[in-house]
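For the numbers below, each heavy atom of this structure counts, side chains included, while hydrogens, waters and symmetry mates do not.
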Amino acid sequence: MKTTTLIKRFAPYFKPYTHVLLFDLFCAGLTSACDVVLPLLVRSLAQQGINDLSGMTTEFILKLAGIYLVLRIIDVLATYFMANIGHIMGAKIETDMRSALFTHLQKLSFRYYADTKVGQLMARITSDLFDVTEFAHHCPEEFFIAGLKIGVSFIILCTINIPLTLIIFVIVPFMIYFSAKFNHRMLATFRKNRVQVGEINAQVEDSLLGIRVVKSFTGEQMEIDKFKKGNDDWFEIKQENYRLMGAFSATNRAFDGLLYLAVILAGGFFMLNNIITPADFMAYILYISTLMATIRRIVEFAEQFQRGLTGIDRFFEVMDVEPDIKDSKDAKSLKHVNGDIELKNVNFAYADDPNTPVLENVNLKIHAGESVALVGPSGGGKSTICNLIPRFYDVTGGSVTIDGIDVRTVKQADLRKKIGMVQQDVYLFSGTIYDNIRYGRPDASYEEVVEAAKKAGAHDFIMKTPDGYNTYVGERGVRLSGGQKQRISIARVFLKNPPILILDEATSALDNESERLVQESLQRLSHGRTVLTIAHRLSTVRAADLIVVLTENGIAEKGTHDELIKKDGVYAGLCHLAEGF
């Protein structure tokens, strides 16, 4: 996005702090007063000394000194406010933006996360916004001060000598043009740098989360080499950035010298021809110094400005992503659910491959309280069906209904509160066992959490841990076994107490003993609910009320275990292939 577009989009974040911003700019104006008035005071002093030295009285000197002292006191107080409250305003804006970004990320669908690296998102939430505090505080402040000083200096200098003023200010537009040109090129390198930092974050996260695989395959050197390449790429981008910054600074120093040269040459000839007095010339030199100090301050701010803009650009890049799944304007609440589920002529294909359907014209009816198992070879669409019911994805044709209500017409939060999921890959948050179980219902009491753990068969092993329910589970539950993590996830669903339950290969990664314990927990959990089970271990679905066999061509067979065995079709073939069945 263009700089002007970014600033326009960023400006609304100042709205809650308008009063702080206005007072900050007022203080910025006060800090400029000393710099603008000082040359006039020196000019008055010089004129008095040149024209009438007898008038250089103690009273006159003290009067000028008093004016400057008052201005300097005001300057000190105003600077304190700008450095303190102004920075706090910037930090609040950064906090607001980070909250808005995280909130927006919670709304995005599975499809977005399937195509985006988590490390890149972490960089956008954290490091990309670090420079926003300085940008939000200094951007309006620095440009306001610069505009004020340049404008006031121009007016005052015009009252002294218009030709000399015009000679000086003819150079300024060229200086601004070249500065803008270098700024544009620097913005591109800052953006590349941010992207590369995100790539490094993603690579580090991938490597550290997979540290067990890395070590088991002695892949340490491979990971080090990958990191080195990413780090070297970052250095190349940074090097290009500093080359541009060097050229930018050198160009501005050249214009700096050119301005002083113009003052010396033109001012010298004007004094030679009595067009300008020595006192006026002294004032010119001081104003040029003020002007140069202002421009240098803007130049020094340029890097910070570009860093802030780059972070803001990447912020809006994510904020502009529209959620694939969102509530309609007239979405209904879903209060009571019996548990009837129906798929009517369902078609589904992923957005990035619309010509390869995953499901075609699938029809399936599940009655409330019924236990239905989805079996079949990989790629048949079992997990897809389970993702369509809680509306993690939307059908591309047909409909999915619960109790006769299309899931697209109800609020997502209400729909998902009525559905519990137990998956093969259990995710536990970094925290305590208690926190992880309570995630199923944040308002649950301690007693309810314990009761849910007992139903899930988790209470006994929890009490054997060092701190019981307050035991820290480690990142992703690394301190617990697979069976223990699975029973905690089941306790979480017990606490949620949903009428519909989806079991996505919940025991396929467990050893025999853990599977037995988890199966007992799942049987208790399934009682009185509508249950949809995905399983590769066919021994776990024999008791299902209905077994649905899915292949690449859709639903191949439906029936009970005994019916399908007698039919001697796809299901019977899978059973004969299954080990120990």
query = Run the side chain to side chain donor-acceptor pair (under 3.5 Å) check on D96 and Y17 step by step: do they pass?
reply = CA-CA 11 Å; D96 292 345; Y17 314 104; 2.6 Å; yes
request  = List the steps, then state whether side-chain contact (heavy atoms from CB on, under 4.5 Å) holds for R408 with V395.
outcome  = CA-CA 9 Å; R408 291 169 294 186; V395 296; 3.5 Å; yes
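- In this structure a side-chain-to-backbone donor-acceptor pair under 3.5 Å is missing from R111 to F392.
- Between D435 and R438 there is no salt bridge, since no side-chain N of the basic residue sits under 4.0 Å from a carboxylate O of the acidic one.
- Taking every heavy atom of both residues into account, L259 and I168 meet most closely at CD2-O, 3.4 Å.
- Shown here is R98, whose CZ atom has more than 12 heavy atoms of other residues, nucleotides or ligands within 6.0 Å.
- Here F305 and F143 bring their ring centres to under 6.0 angstrom of each other.
- Listed for the N231 side chain is no donor-acceptor partner under 3.5 Å among the backbone atoms of F227.
- A donor-acceptor pair under 3.5 Å links the side-chain atoms of R416 to the main chain of P390, judged by distance alone.
- No donor-acceptor pair under 3.5 Å is formed between the side chain of Y68 and the backbone N or O of L38.
- Counting heavy atoms from C-beta on, the side chains of D324 and Y393 never come closer than 4.5 Å.
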task = Start with the C-alpha distance between R391 and Q412, add both sets of side-chain angles, then the distance that settles side-chain contact (heavy atoms from CB on, under 4.5 Å), and finish with yes or no.
result = CA-CA 7 Å; R391 210 182 160 211; Q412 292 176 68; 4.0 Å; yes
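- Rounded to the nearest 0.5 angstrom, I88 CD1 and T133 OG1 are separated by 11.0 Å.
- To the nearest 0.5 angstrom, I276 atom CD1 is 11.5 Å from M282 atom CE.
- Summarising the geometry of I167 relative to A266, their closest heavy-atom pair is CD1-CB, 4.0 Å, with the distance given to 0.1 Å.
- You'll find the side chain of V263 reaches within 4.5 Å of the side chain of F281, heavy atoms only.
- When side chains are defined from C-beta on, N161 counts as touching Y284, because their heavy atoms get closer than 4.5 Å.
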inquiry  = For a side-chain contact (heavy atoms from CB on, under 4.5 Å) check, start with the C-alpha distance between H138 and H87, then their side-chain angles and the critical distance, and finish with the verdict.
reply    = CA-CA 8 Å; H138 287 294; H87 274 113; 3.4 Å; yes
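- With a 6.0 Å radius and a threshold of 12 heavy atoms from other residues, nucleotides or ligands, F269 has its CZ atom at or below the threshold.
- The closest donor-acceptor contact from the side chain of R124 to the backbone of R314 lies under 3.5 Å.
- T396 places a side-chain N or O within 3.5 Å of a backbone atom of N347 that can act as its donor or acceptor partner.
- Under the 3.5 Å distance criterion, with hydrogens and angles disregarded, no donor-acceptor pair is assigned to the side chains of D406 and T409.
- Put simply, the side chain of L164 does not reach to within 4.5 Å of the side chain of L157, judged on heavy atoms.
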request  = Determine, stepwise, if the pair D75 / L71 fulfils side-chain contact (heavy atoms from CB on, under 4.5 Å).
outcome  = CA-CA 6 Å; D75 173 68; L71 290 173; over 6 Å; no
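- Here the CD1-CG distance, from I61 to L41, works out to 13.0 Å after rounding to the nearest 0.5 Å.
- M271 CE: more than 12 foreign heavy atoms inside a 6.0 Å radius.
- One N or O on the side chain of N436 and one on the backbone of T432 form a donor-acceptor pair closer than 3.5 Å.
- Looking at every heavy atom in both residues, N201 comes nearest to A123 through ND2-CB, 3.5 Å.
- Tested against F135 for a ring-ring contact (aromatic ring centres under 6.0 Å, His included), the candidates F315, Y13, F10 yield a single pass: F10.
- Using a 4.5 Å heavy-atom cutoff, the side chains of T165 and I160 are not in contact.
- Within the model, atoms OG1 of T5 and CZ of R9 stand 8.5 Å from one another, a figure rounded to the nearest 0.5 Å.
- In this structure, L105 CG and Y112 OH are separated by 6.0 Å, a value rounded to the nearest 0.5 Å.
- Looking at every heavy atom in both residues, M97 comes nearest to I312 through CE-CG1, 4.3 Å.
- Contact check for I150 versus F169: side-chain heavy atoms found under the 4.5 Å cut-off.
- For Y439, the OH atom is loosely surrounded, since the number of other residues' heavy atoms within 6.0 Å does not exceed 12.
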inquiry  = K228 vs D232, test: salt bridge (Lys or Arg N to Asp or Glu O under 4.0 Å). Steps then yes/no.
reply    = CA-CA 6 Å; K228 184 178 184 303; D232 289 345; 2.8 Å; yes
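- The environment of Y350 atom OH is dense: over 12 non-hydrogen atoms of other residues, nucleotides or ligands sit within 6.0 angstrom.
- Judged by distance alone, the side chain of T18 and the main-chain N or O of K15 form a donor-acceptor pair under 3.5 Å.
- One N or O on the side chain of H137 and one on the backbone of M82 form a donor-acceptor pair closer than 3.5 Å.
- V76 places none of its side-chain heavy atoms less than 4.5 Å from the side chain of Y80.
- The environment of Y472 atom OH is dense: over 12 non-hydrogen atoms of other residues, nucleotides or ligands sit within 6.0 angstrom.
- In this structure, K229 does not pair ionically with D225, as no charged nitrogen and carboxylate oxygen lie closer than 4.0 Å.
- With rounding to the nearest 0.5 angstrom, the CG atom of L40 is 4.5 Å from the CD1 atom of I156.
- In summary, K226 and E223 engage in a salt bridge, as defined by a charged side-chain N under 4.0 Å from a carboxylate O.
- Contact between I200 and G230 at its shortest, heavy atoms only, is CD1-O, 3.8 Å.
- Between the side chain of T189 and the backbone N or O of E240 there is no donor-acceptor pair closer than 3.5 Å.
- Within 6.0 Å of the CZ atom in F81, the count of heavy atoms belonging to other residues, nucleotides or ligands exceeds 12.
- Here the closest non-hydrogen pair linking V36 and K149 is CG2-CG, 4.3 Å.
- Proximity of F110 to I325: side-chain heavy atoms (C-beta onward) are nowhere separated by under 4.5 Å.
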